[in-house]
Amino acid sequence: MKLYQKIMALIFVILTGCGIVCGWLLGNSYEKKQMFRAVEAEVHGFESARYAVEWMCQTEPAAREGTGCLMERLFRQKLFDGCIWIADGEVLCDSSLYEISWDAGWRAEGGFKETEWILEQGEGEYWIVIGSELPWLGENNYLFSVQDLTEIHRETTGFVRQFSLIWFLFVAAASLLGAAAARLMLKPMGDLAQVAGEISRGNYSVRAAVRRRDETGKLAEAFNLMAEQVESRVRELTLAGEEKERLLGSLAHEMRTPMTAVLGYSDALLHVKLGERERERALRNIYGQAGYLQRLSAKLMELTALHRNDAIAMKAQEMKPLLEQAVRMAEGRWPDRRFLLESAGDFSVRGDEDLLVSLFVNLLDNGAKASGAGQEIQIKAEENQVEIRDFGKGMKEEELQRIREPFYRVGSFEGEGLGLGLSICEQIVRLHQAEISFESRIGEGTMVTVSFAP
């Protein structure tokens with residue numbers, strides 16, 4: 001059962017229950033009021049008849065004695081319709097359609113001393129019995145009136161039936177309208193379910209239409225935001241997977257040459273008799289290739305640590321001391337290059353001190369590799385940007401497009417480094433939510449710009 005159908009059923013059950021309770025309460029209240037009015041009217045009529053009997057008895061001696069046809073003529077009048085006169089257990093006058101059994105205990109129990117009434121019910125019919133003693137006619141003289149109130153009960157029953165019918169029609173209409181309104185209101189939920197199904201099948205670009213500004217519209221906006229985050233995360237994971245595949249492929253290719261050299265020279269040392277010079281040359285080559293593999297593993301460990309980034313402490317860092325430290329380290333590594341810190345703007349960034357220093361040292365190393373002895377590398381920092389410019393060999397456009405790839409080395413200085421420095425820089429920049437860009441021309445040098453978020 002769909003949700004809007006459940007809502008319709010719930011509305012129907014609730015309104016039907018309310019209708020039953022209200023109908024019962026309203027019917028009872030209506031019947032009691034009608035009965036009360038009828039009883040008042042009948043009692044008033046009985047009192048009038050009783051006063052008439054009393055007046056007749058006081059003015060006519062024959063009536064007081066209970067004989068003659070005067071009382072019979074009186075009982076045939078409309079005022080005494082339904083009245084019964086009982087004296088000493090005998091019915092003297094009767095204008096009703098009913099019988100009242102004489103009970104000698106009425107007087108002993110004090111019953112009907114004054115005007116009293118009771119309601120009688122039997123086989124779907126209702127009567128009111130009103131009685132009173134007539135003391136001025138002597139003992140055991142009673143006047144009764146029996147009136148049929150069944151019609152009032154029937155009117156009440158008819159009223160309840162009409163109310164029930166009207167209420168049922170109202171409940172049916174309310175249920176149908178409620179179901180239609182619920183279906184209309186829940187339509188965006190169905191759209192969200194379809195969009196979720198598309199996303200579960202791998203279509204991460206699909207979005208839910210936002211047509212309202214109510215809670216369903218806000219839910220659709222939140223769902224779209226979640227879908228964007230999922231798509232972004234999946235894209236990042238896909239790119240990371242592709243990057244790892246490229247890294248592993250490049251690593252396998254990069255390790256093949258030194259491993260081949262190590263195996264070749266080791267095989268020669270084991271199976272070929274070499275002179276002292278050839279042995280030393282072979283050992284030096286093995287040592288050199290092993291050192292290369294060691295540096296390669298260290299760089300890979302650094303890249304792996306950057307991918308985990310769980311030990312990185314992000315704090316506010318002043319840019320000037322970071323650049324000064326990076327320049328000092330670069331000057332120690334390249335004493336024949338000139339590093340000029342032209343300006344260091346007074347601004348701070350949020351980041352990890354060691355990673356930021358490593359970023360600038362790698363960029364200064366690249367500038368030093370592209371420059372000749374005595375050439376200048378300029379460093380400028382202002383307005384949340386750091387620019388590092390060298391005046392060395394420069395790069396072609398196709399080289400500029402590939403310098404971020406792991407193990408890629410520019411053709412003009414392929415023998416220097418491992419080709420992982422800019423990959424590490426790229427990871428550091430990404431972790432600090434910054435951007436890095438390169439501009440280069442052959443023979444004019446290269447300028448690297450790192451832009452931090454304000």
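All values reported here derive from a predicted model rather than from experimental measurement.
One N or O on the side chain of Asn285 and one on the backbone of Arg281 form a donor-acceptor pair closer than 3.5 Å. Of the possible polar contacts, none joining the Ser29 side chain to the Leu25 backbone as a donor-acceptor pair under 3.5 Å is found. For Gln317 (side chain) and Val349 (main-chain N/O), no donor-acceptor pair under 3.5 Å exists by modelled atom type. Checking side-chain atoms of His271 against main-chain N and O of Ser266 turns up no donor-acceptor pair under 3.5 Å. The backbone N or O of Leu269 sits nowhere less than 3.5 Å from a side-chain atom of Arg279 that would complete a donor-acceptor pair.
In this structure the side chain of His44 reaches within 4.5 angstrom of the side chain of Ser48, judged on heavy atoms. Side-chain contact between Ile130 and Glu42 is present, with heavy atoms from C-beta onward closer than 4.5 Å. Contact check for Val450 versus His432: no side-chain heavy atoms found under the 4.5 Å cut-off. Side chains of Glu151 and Arg154 form a contact here, defined as non-hydrogen atoms less than 4.5 Å apart. In this structure the side chain of Asp267 never reaches within 4.5 angstrom of the side chain of Val272, judged on heavy atoms. Residues Arg284 and Tyr265 are not in side-chain contact: their nearest non-hydrogen atoms beyond the backbone lie 4.5 Å or more apart. Gln378 is listed as a side-chain neighbour of Glu376, based on a closest heavy-atom distance under 4.5 Å. Between Leu283 and Glu280 the shortest side-chain heavy-atom distance does not fall below 4.5 Å.
Checking Gln229 against Glu231 by side-chain atom types alone, no donor-acceptor pair falls below 3.5 Å. With hydrogens and angles left out, the side-chain atoms of Ser437 and Glu435 include no donor and acceptor closer than 3.5 Å. For the 3.5 Å distance criterion, the side chains of Thr115 and Glu47 qualify, holding a donor opposite an acceptor.
Here Leu359 contributes atom CG and Glu426 contributes atom CD; the two are 10.5 Å apart, rounded to the nearest 0.5 Å. Here the CD atom belonging to Glu120 is positioned 12.5 Å from the CG atom belonging to Asp148, to the nearest 0.5 angstrom. One finds the CZ atom of Phe391 at 13.0 Å from the CZ atom of Arg441 (value rounded to the nearest 0.5 Å). Distance check, rounded to the nearest 0.5 Å: NZ of Lys380 to CD of Glu387 gives 5.5 Å. Once rounded to the nearest 0.5 Å, the distance linking CZ of Phe36 with CD1 of Ile152 reads 12.5 Å. The CD atom of Glu342 sits 10.0 Å away from the CZ atom of Arg389 when rounded to the nearest 0.5 Å.
Across all non-hydrogen atoms, the minimal contact from Asp390 to Gly367 is OD2-CA, 3.6 Å. Nearest heavy atoms, Ile377 versus Ala368: CD1-CA, 4.2 Å. Nearest heavy atoms, Phe452 versus Ala434: CD2-CB, 3.8 Å. Annotation for Gly394 and Thr446: closest pair CA-OG1, 4.0 Å, computed over non-hydrogen atoms. Looking at every heavy atom in both residues, Asn384 comes nearest to Ser348 through OD1-O, 4.4 Å. Taking all atoms of both residues into account, the shortest heavy-atom contact from Ser132 to Arg50 is OG-NE, 2.8 Å.
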inquiry  = Quick one, Lys369 with Trp334, criterion side-chain contact (heavy atoms from CB on, under 4.5 Å). Give me CA distance, side-chain angles, the key distance, then yes/no.
reply    = CA-CA 9 Å; Lys369 292 174 186 177; Trp334 304 91; 3.8 Å; yes
query = Between Val327 and Ile379, is a side-chain contact (heavy atoms from CB on, under 4.5 Å) present by the stated rule, with each step listed?
reply = CA-CA 9 Å; Val327 168; Ile379 305 99; 4.0 Å; yes
ask   = Given the rule in the side-chain contact (heavy atoms from CB on, under 4.5 Å) test, do Leu322 and Glu353 qualify, once you have shown the distances and angles that lead to the verdict?
value = CA-CA 7 Å; Leu322 294 177; Glu353 179 181 359; 3.6 Å; yes
Step-by-step side chain to side chain donor-acceptor pair (under 3.5 Å) determination, Ser451 to Gln385 = CA-CA 5 Å; Ser451 302; Gln385 283 190 348; 3.1 Å; yes
key: Derivation and outcome, side-chain contact (heavy atoms from CB on, under 4.5 Å), residues Glu125 and Trp127   = CA-CA 7 Å; Glu125 295 184 351; Trp127 307 276; 3.1 Å; yes
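Residues that satisfy the side chain to side chain donor-acceptor pair (under 3.5 Å) test with Arg37, not counting sequence neighbours, are Gln34. In this structure, Phe339 has no ring-ring contact (aromatic ring centres under 6.0 Å, His included) partners at least two apart in sequence or on a different chain. Residues passing the ring-ring contact (aromatic ring centres under 6.0 Å, His included) test with Phe170 are Trp167, sequence neighbours excluded.
For the pairing with Leu323, the side-chain contact (heavy atoms from CB on, under 4.5 Å) check across Val386, Leu356, Leu364, Val357 returns one residue only, Val386.
Within a 6.0 Å radius of CD in Glu221, more than 12 heavy atoms belonging to other residues, nucleotides or ligands are found.
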